[in-house]
Amino acid sequence: MRVLIVIGILAAFLIIAGVLLFKYWKKKEPTPQNPPPSGDELQVHVLDVGQGDSILIIAPGGKVVLVDAGVPGSGKVVLDAMKRYGVDHIDLMVATHAHADHIGGADEVLLHTKVSAVLDSKVPNTTKNYEDFLAAIDKTGAKYIGASPGQNFDLGGGAKLSVLAPIQPFFTKDQLRSGANEPNANSVVTRLDYGDFSMLLTGDAEAETEARLMQSGANIKAKVLKVGHHGSRYASSEKFLRQGGFEAAIISDGADNRYGHPSQDALDRFKALNIKLYRTDLEGEVTVISRGQGYEIRTERPASGDLWAGRTPPGREENSGDSADTRQSRRATGR
Amino acid sequence: MAESDEQKQSASSKQLHAAIDRIEDGGMAVLYVGDDEKTQIDIPLSLLPEGAQDGDHLRITILIDKGSRDQAASRVKSLQEKLAQKSGTDEQKDFKL
């Protein structure tokens, strides 16, 4: 009888120890370690496509990633840049979301260069531009991948691209501020890691998405930020910028935009946190180079204006965006 | 008269297809217009029909409004005449400034 009790106690002890050990092991399970950097050059070219996004990444081992393809007609800008940098294929095209200022030139790129795989948020748009993009994937036989957090793309040479968003279930319109939309909120958000260098690419994600990312425990800490939604006042919340600890921020936008991008509000938040700012509308193409230790940022030309001055939509007084928002809010509740 | 105006308008009307790609900050709707959706037009959301939202397809009817133009021309002409009469400069050749 006494033996049985001892065995019972021992068994209970072992089970508890096992559970504790398992929990500890689970906790300690590393988020997959980044491979050691080869020391070769990683290049990130934030192309000047006007009021849109297109970012060409050339990894140390020669793998090529294109994040977005600018406004319609930007295909040529992308193809020219590829030629300039000596790459003749794209291993992964990321379509952060289905708006024409991000996938505008995607069909053209797909039809004129070899693209192996396409990563899409899968939140659709009803435009011909988005249909043409899907049709081009179909025609060229590129692999079509729905983006999901936890996906990792090994770019070789120690560089890696990881998907942080869209987080399922997708944002719906009723969860967003009035005037916001699902394609933006469900943008594909990725992080690029190479040695001690890191960069966060946020598509047109705004504050709601930033909050969800922080809540999900995603690793948003990075040296460089590709600013969300072209410097919109609704993106780059202070909390997100603080938690990300970004040293530099790059805004991809066009001088002729009528949407008030970048907004003074967002620029002030970068300035308050001493984040170094780069803008394609004023400096042309912005290039980040890293060999896995530190990084360097170059611009195509010196800034043609004040980097810290935001844009106001034509015909609108400062802060009059509020009245437009009120109108949208009224409409939204009317539906 | 009204009938003939309508006839003039319908003879020169055009139907256009458009899709609202997105609504940007400040309530600016970004439209892609034409059957190929290649032409971008930015237009305040407030100028679109109530309830229009991103992703919607639109049919735009464009009419040349001859009547409105004629009315404006007539208003302009009478203003010119009124001003000239008021200034009394119709027949004047030499001016001392």
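The model shown is predicted, which means the values in this text are computed figures rather than measured ones. Below, chains carry the letters A, B, ... as their sequence lines are ordered, and counting in each starts from 1.
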field: Residue part contacting chain B, namely of A:N129, when any heavy atom lies under 4.5 Å
entry: backbone
B:D21 side-chain N/O to A:A100 backbone N/O, donor-acceptor pair under 3.5 Å: yes
query: Side chains of A:K128 and B:K38: closer than 4.5 Å at any heavy-atom pair?
result: no
field: Which residues share a ring pair (Phe, Tyr, Trp, His ring centres under 6.0 Å) with A:Y130, sequence neighbours left out
entry: A:F133
task: Report yes if the side chains of B:D25 and A:H229 come closer than 4.5 Å at any heavy-atom pair, otherwise no.
output: yes
query: Among all residues two or more places apart in sequence or in another chain, which pass the ring pair (Phe, Tyr, Trp, His ring centres under 6.0 Å) test with A:H99?
result: A:H97
message: With a 4.5 Å cut-off on side-chain heavy atoms, are A:T127 and B:R22 touching?
response: no
Within 6.0 angstrom of B:Q85 CD, more than 12 heavy atoms from elsewhere: no
task: Using non-hydrogen atoms and a 4.5 Å limit, figure out which bit of A:N257 sits close to chain B: side chain, backbone, both or neither.
output: neither
field: Heavy-atom contact with chain B under 4.5 Å, split by part of A:E206
entry: side chain
query: Any sub-3.5 Å donor-acceptor pair from B:E24's side-chain atoms to A:Y259's backbone N or O?
result: no
- prompt: Are more than 12 heavy atoms from other residues, nucleotides or ligands located less than 6.0 Å from atom CG of A:D174?
  reply: yes
query: From A:N184 CG over to B:I23 CD1, what is the distance, rounded to the nearest 0.5 angstrom?
result: 11.0 Å
- prompt: Should the heavy atoms of other residues, nucleotides or ligands under 6.0 Å from CG of B:D35 be counted, would the total exceed 12?
  reply: no
task: For the pair B:H57 (side chain) and A:T126 (backbone), establish whether a donor and an acceptor sit closer than 3.5 Å, ignoring hydrogens and angles.
output: yes
